[in-house]
Number of protein chains: 2
Amino acid sequence: MRNHAADAKVFKAFCDVNRLQILEQLRTGEKCSCVLLEKLQISQSTLSYHMKILCDSGVVIGRSEGKWTHYGLSRDGCRYARELLEILTGENASTGNCCSCKK
Amino acid sequence: MRNHAADAKVFKAFCDVNRLQILEQLRTGEKCSCVLLEKLQISQSTLSYHMKILCDSGVVIGRSEGKWTHYGLSRDGCRYARELLEILTGENASTGNCCSCKK
DNA sequence: ATCACCCATTGACTTTTTTCGATTTGAGAG
DNA sequence: CTCTCAAATCGAAAAAAGTCAATGGGTGAT
């Protein structure tokens, strides 16, 4: 029996347009906020808000270095998300017809 | 260049606790609304709302039969969701260090 | 110490999502 | 045709998510 709240948190990362744009930027490697921000139409505080959600989901990791914070995809977090989706939708799921509706 | 709004729609299916519970029920085969409802703490109209979102995401398909509508996982829709996540998080994504921050 | 810069947090506001009761629609059954 | 039942839709309210400007905290440069 799964923890649905925890699972939902993981997929929160992928259900917002701005976050998908951020993830797209991260696919080519680590970026710091200032660089991410250049290609987005949002304020700095809004970006920070989204980065928090991405980090909380486990898909992204932040790495502090001096003044900067570098964000990158978490290999483990990404794999976990894919495994989760596999569990939820995997081919082993039954697609048989319904028999529960007592006509 | 991806259509982020369309992609976000797919993952909307997985980022809500009630919808995850519904998907869990559907893993064991088709169910009609009345059966799904029994195991959820929501009203009939709310369930209908969630079923619409699930169907719009492509992950679930509704099949009308007389008075009943049977809902089931869409094999194609589920595969598409997994492929999408693979593209967004796949191992081919770079995890190299940032070089864009001119120190 | 002071300044400039990067980023997180706060508080207020707007927008979107979720929820429900009531109503409507559509499909058998009598 | 009328009645009943399953499910969708509507309208309104509540809850949650997203947004920004302003502020604060930490770091490195001067």
Side-chain angles (χ1 to χ4, degrees), chain A residues 4-23 25-26 30-57 60-72 97-103, chain B residues 4-23 25-26 30-57 60-72 97-103:
Chain A
H4 297 304
D7 292 352
K9 205 179 200 179
V10 173
F11 294 108
K12 282 256 167 65
F14 305 98
C15 66
D16 175 89
V17 169
N18 282 315
R19 290 195 286 272
L20 287 177
Q21 286 182 6
I22 292 166
L23 290 171
Q25 289 196 61
L26 296 184
E30 271 191 338
K31 302 275 183 306
C32 58
S33 295
C34 52
V35 171
L36 290 169
L37 196 53
E38 286 171 7
K39 301 205 180 120
L40 298 166
Q41 320 307 315
I42 55 177
S43 69
Q44 180 266 321
S45 57
T46 299
L47 175 62
S48 190
Y49 165 79
H50 285 299
M51 296 320 293
K52 184 161 169 46
I53 290 178
L54 287 169
C55 289
D56 286 352
S57 79
V60 169
I61 286 187
R63 179 174 65 84
S64 265
E65 190 183 306
K67 288 196 289 189
W68 288 276
T69 306
H70 300 280
Y71 292 102
N97 276 17
C98 175
C99 54
S100 332
C101 282
K102 39 282 168 198
K103 224 297 224 6
Chain B
H4 296 304
D7 292 352
K9 204 179 201 177
V10 173
F11 294 109
K12 282 257 166 65
F14 304 99
C15 68
D16 175 89
V17 169
N18 284 314
R19 291 195 285 272
L20 286 177
Q21 286 182 6
I22 293 166
L23 290 171
Q25 289 196 62
L26 296 184
E30 271 191 340
K31 302 276 182 307
C32 59
S33 294
C34 51
V35 172
L36 290 170
L37 197 51
E38 286 171 7
K39 302 203 180 122
L40 298 167
Q41 320 308 316
I42 55 175
S43 69
Q44 179 267 321
S45 57
T46 300
L47 175 62
S48 191
Y49 163 79
H50 284 299
M51 296 319 294
K52 185 160 169 45
I53 290 178
L54 286 169
C55 290
D56 286 352
S57 78
V60 169
I61 288 186
R63 180 173 65 82
S64 267
E65 189 182 308
K67 286 197 290 191
W68 289 277
T69 306
H70 300 280
Y71 292 102
N97 276 16
C98 174
C99 55
S100 330
C101 283
K102 38 280 171 202
K103 232 287 228 19

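In what follows, every chain begins at residue 1, and chains take the letters A, B, ... in the order their sequences are listed.
Per the geometry, CD belonging to B:E65 stands 12 Å off C1' belonging to C:dA27, to the nearest Å. Between the CG atom of A:L54 and the P atom of C:dC7 there is a distance of 15 Å, given to the nearest Å. Atoms CG (A:L36) and P (C:dC6) sit 13 Å apart, rounded to a whole Å. For the pair A:R63 CZ and C:dA8 P, the computed distance is 14 Å after rounding to whole Å. Regarding A:W68, its CH2 atom lies at a distance of 14 Å from the P atom of C:dA8, rounded to whole Å. In this structure, B:L40 atom CG and C:dT19 atom P are separated by 10 Å, rounded to whole Å. For the pair B:K67 NZ and D:dA6 P, the computed distance is 6 Å after rounding to whole Å. With rounding to whole Å, B:L20 atom CG is found 12 Å from C:dT18 atom P.
Summary for the helix from C:dA1-D:dT30 to C:dG30-D:dC1: the axes at its two ends, each from 5 pairs, differ by 20° when rounded to the nearest 10 degrees.
The phosphate of D:dA8 has OP1 or OP2 within less than 4.0 Å of a side-chain N or O from B:Y71.
Between the NZ atom in A:K9 and the CG atom in A:D7 there is a gap of 11.5 Å [rounded to 0.5 Å].
Partners of A:Q21 under the side chain to side chain contact (heavy atoms under 4.5 Å, CB included) rule, at least two apart in sequence or in another chain, are A:V17, A:N18, A:L40, B:H4. In this structure A:D16 satisfies the side-chain hydrogen bond (donor to acceptor under 3.5 Å, both in side chains) test with no other residue, sequence neighbours excluded. Residues forming a side-chain hydrogen bond (donor to acceptor under 3.5 Å, both in side chains) with B:S43 (at least two apart in sequence, or on another chain): B:S45, B:T46. The ring pair (Phe, Tyr, Trp, His ring centres under 6.0 Å) check on A:Y71 picks up nothing, with sequence neighbours excluded.
Of the possible polar contacts, one joining the A:R19 side chain to the A:K12 backbone as a donor-acceptor pair under 3.5 Å is found. Not one N or O on the side chain of B:R63 forms a donor-acceptor pair closer than 3.5 Å with the backbone of B:G72.
Between B:F14 and A:F11, the ring-plane angle classifies as tilted under the 30° and 60° cut-offs.
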Protein-nucleotides 18-20 of chain D N/O pairs closer than 3.5 Å?
residue	atom	partner	partner atom	Å
D:dG18	OP1	A:D16	OD1	3.4
D:dG18	OP1	A:R19	NH2	3.2
D:dG18	OP2	A:R19	NH1	3.3
D:dG18	OP2	A:Y49	OH	2.9
D:dT19	OP1	A:N18	ND2	3.1
D:dT19	OP2	A:N18	ND2	3.4
D:dT19	OP2	A:H50	NE2	2.4
D:dC20	OP2	A:S43	N	2.8
D:dC20	OP2	A:S43	OG	3.1
D:dC20	OP2	A:T46	OG1	2.7

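Two residues are said to be in side-chain contact when any heavy atoms from C-beta on lie closer than 4.5 Å; A:S48 and A:Q44 meet this criterion.
Residue A:T69 is in sugar-phosphate contact alone, with no base atom involved, counting any heavy-atom pair closer than 4.0 Å across all strands shown.
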